[in-house]
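This report concerns only the one structure given below.
Lettering follows sequence order; numbering is per chain, from 1.
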There are 2 protein chains.
Amino acid sequence: MTNKRELFQIMTRRFGLLNKNCCSVGGHDLSAAQSHILYEIDRAEAPSMQQVAESLGTDITTFSRQIQSLVKMELIEKSPSPADRRVSLLSLTTTGKFVAATIDTQMNGYLDEVFSYLTPFERETVLRSIDLLNGAMAKSDRCCAPIRDDQAEDTTPNDPE
Amino acid sequence: MTNKRELFQIMTRRFGLLNKNCCSVGGHDLSAAQSHILYEIDRAEAPSMQQVAESLGTDITTFSRQIQSLVKMELIEKSPSPADRRVSLLSLTTTGKFVAATIDTQMNGYLDEVFSYLTPFERETVLRSIDLLNGAMAKSDRCCAPIRDDQAEDTTPNDPE
DNA sequence: AAAATAACTTGCATAATGCAAATAAATAGT
DNA sequence: ACTATTTATTTGCATTATGCAAGTTATTTT
């Protein structure tokens with residue numbers, strides 16, 4: 001209660017568990033990482049590989065392979081950008097959209113159950129708080145953004161851009 | 001804003017990034033998983049392997065190896081339980097305690113920075129909300145607890161025990 | 001048009017994962 | 001007391017994930 005870190009440690013652990021083998025839809029069994037990828041592609045407008053890898057904080061080579069397997073699963077399509085043929089634009093296939101929507105429903109179901117233990121007022125408050133928190137994290141540059149290098153206690157003001 | 005899942009997706013992603021290469025202390029470079037293990041051992045009173053593995057939702061064989069490497073790093077000690085010699089009780093070494101404390105400080109530092117973008121009232125609200133959320137997740141059995149098997153839509157009542 | 005840069009992919013080499021089987025200690029059944 | 005079962009943890013693979021260095025193809029610089 002007193003300690004911020006304690007609260008967040010517990011929370012992230014629980015969410016980690018929730019996400020563990022996050023979603024099986026039909027025959028497909030997706031990992032949390034894969035679900036995040038689908039989510040992000042759905043959200044953005046035909047993003048490039050780099051864009052998605054960057055916003056998920058995944059190494060581009062790892063991401064390349066993650067995409068390869070999602071393409072093989074026929075959830076994602078890659079098409080060369082007309083503007084720059086080095087770039088691959090990502091989009092969800094029809095199946096991919098369906099899977100993404102189903103996961104969304106599932107997750108909302110889980111969350112509804114969790115929220116059922118709260119009063120309507122508490123629900124409201126919690127949702128608003130998460131929103132505030134997301135906003136605050138977005139503003140922070142010390143954390144929560146893709147970190148390139150070490151962030152040792154010495155706090156060298158390195159700027160990786 | 002409207003969609004619970006959306007809020008939580010963003011939040012978990014950001015925390016994932018924050019935790020990524022979560023903590024380097026002195027020469028030690030810890031993963032998020034390792035930091036969670038230290039945290040849990042510090043928190044509990046000489047827990048057994050199974051207890052910690054269970055509460056972290058980690059497969060016991062994977063956990064066994066994670067512990068092996070933390071022992072090799074001299075952050076953790078294993079001692080056979082006097083009551084039952086099959087059981088290994090886990091504890092932090094002096095170095096382990098120091099590392100755990102340092103990580104705690106680091107994380108609180110990050111969180112302080114994030115919270116600096118909120119008003120004092122918002123901070124209060126957010127902390128209280130996380131606490132509420134943790135409580136609600138603890139009550140839920142559909143999620144957030146170690147999940148043994150699939151939770152497909154078909155909901156076959158299989159019992160793997 | 002050659003040189004530098006950029007977006008992505010592939011080659012390793014390493015680390016993490018988890019099921020099945022092994023080991024070792026405790027408990028049950030007789 | 002003595003074998004049989006269960007329990008706690010470890011090891012043997014076999015699979016998958018990771019990321020750096022180097023490669024490929026396309027674009028931009030000069």
Legend entry - Residue mapping more 5' on DNA chain D - nearest nucleotide basis, Ser81(A) or Gln51(B): Gln51(B)
Legend entry - Touch class at under 4.0 angstrom, heavy-atom based, for Thr62(B) against every strand present: base
Inset, instruction - Mark yes or no for a side-chain to base donor-acceptor pair under 3.5 Å between Thr61(A) and dC20(D), with no hydrogen or angle criteria applied. - result: yes
Legend entry - Candidate list Arg13(B), Arg5(B), Glu6(B), test side chain to side chain donor-acceptor pair (under 3.5 Å), partner Gln9(B), passing option: Arg5(B)
Inset, instruction - Report the distance from atom CE of Met49(B) to atom C1' of dT11(D), rounded to the nearest whole Å. - result: 12 Å
Legend entry - Nearest-Å distance for atom pair CD1/P, residues Ile60(A) and dA17(D): 17 Å
Inset, instruction - Mind calculating the distance between CG (Asp59(A)) and C1' (dT14(C)) to the nearest angstrom? - result: 14 Å
Inset, instruction - Please report the closest heavy-atom contact between Gln66(B) and Ser69(B), naming both atoms and the distance. - result: O-OG, 3.0 Å
Inset, instruction - Using a cut-off of strictly less than 4.0 Å, decide whether Lys78(A) has a side-chain nitrogen or oxygen near OP1 or OP2 of dA7(C). - result: no
Inset, instruction - Mind calculating the distance between CD (Gln66(A)) and C1' (dT9(C)) to the nearest angstrom? - result: 14 Å
Inset, instruction - May I ask you to decide if the ring planes of Phe8(A) and Phe115(B) are parallel, tilted or perpendicular, using 30° and 60° as cut-offs? - result: perpendicular
Legend entry - Below 4.0 Å: OP1/OP2 of dT10(D) and any side-chain N or O of Ser64(B): yes
Inset, instruction - Determine the contact category for Thr58(B): base if any of its heavy atoms lies under 4.0 Å from a base atom, sugar-phosphate if only primed atoms, P, OP1 or OP2 are that close, otherwise nothing. - result: nothing
Inset, instruction - Round to a whole Å and report the spacing from CZ of Arg85(A) to C1' of dT25(D). - result: 10 Å
Legend entry - Sidechain-backbone polar pair: Gln34(B) side chain, Ser31(B) backbone, donor-acceptor under 3.5 Å: yes
Legend entry - N/O donor-acceptor pair, side chain Arg86(B) with base dT7(D), under 3.5 angstrom: yes
Inset, instruction - For Arg65(A) and for Leu89(A), locate the closest nucleotide of DNA chain C by heavy-atom distance; then report the residue assigned to the nucleotide nearer the 5' terminus. - result: Leu89(A)
Legend entry - Which residue lies more 5' along DNA chain D, comparing Asp84(B) with Pro82(A) via nearest heavy atoms: Asp84(B)
Legend entry - Atom pair distance, as rounded to whole Å: CD in Gln68(B) and P in dT17(C): 14 Å
Legend entry - Interatomic distance, Leu56(A) CG vs dA17(D) C1' [rounded to whole Å]: 16 Å
Inset, instruction - Flag the pair Asp42(A) and Lys97(A) as a salt bridge only when some basic side-chain nitrogen lies within less than 4.0 angstrom of an acidic carboxylate oxygen. - result: no
Inset, instruction - Round to a whole Å and report the spacing from CG of Leu90(B) to C1' of dA8(D). - result: 12 Å
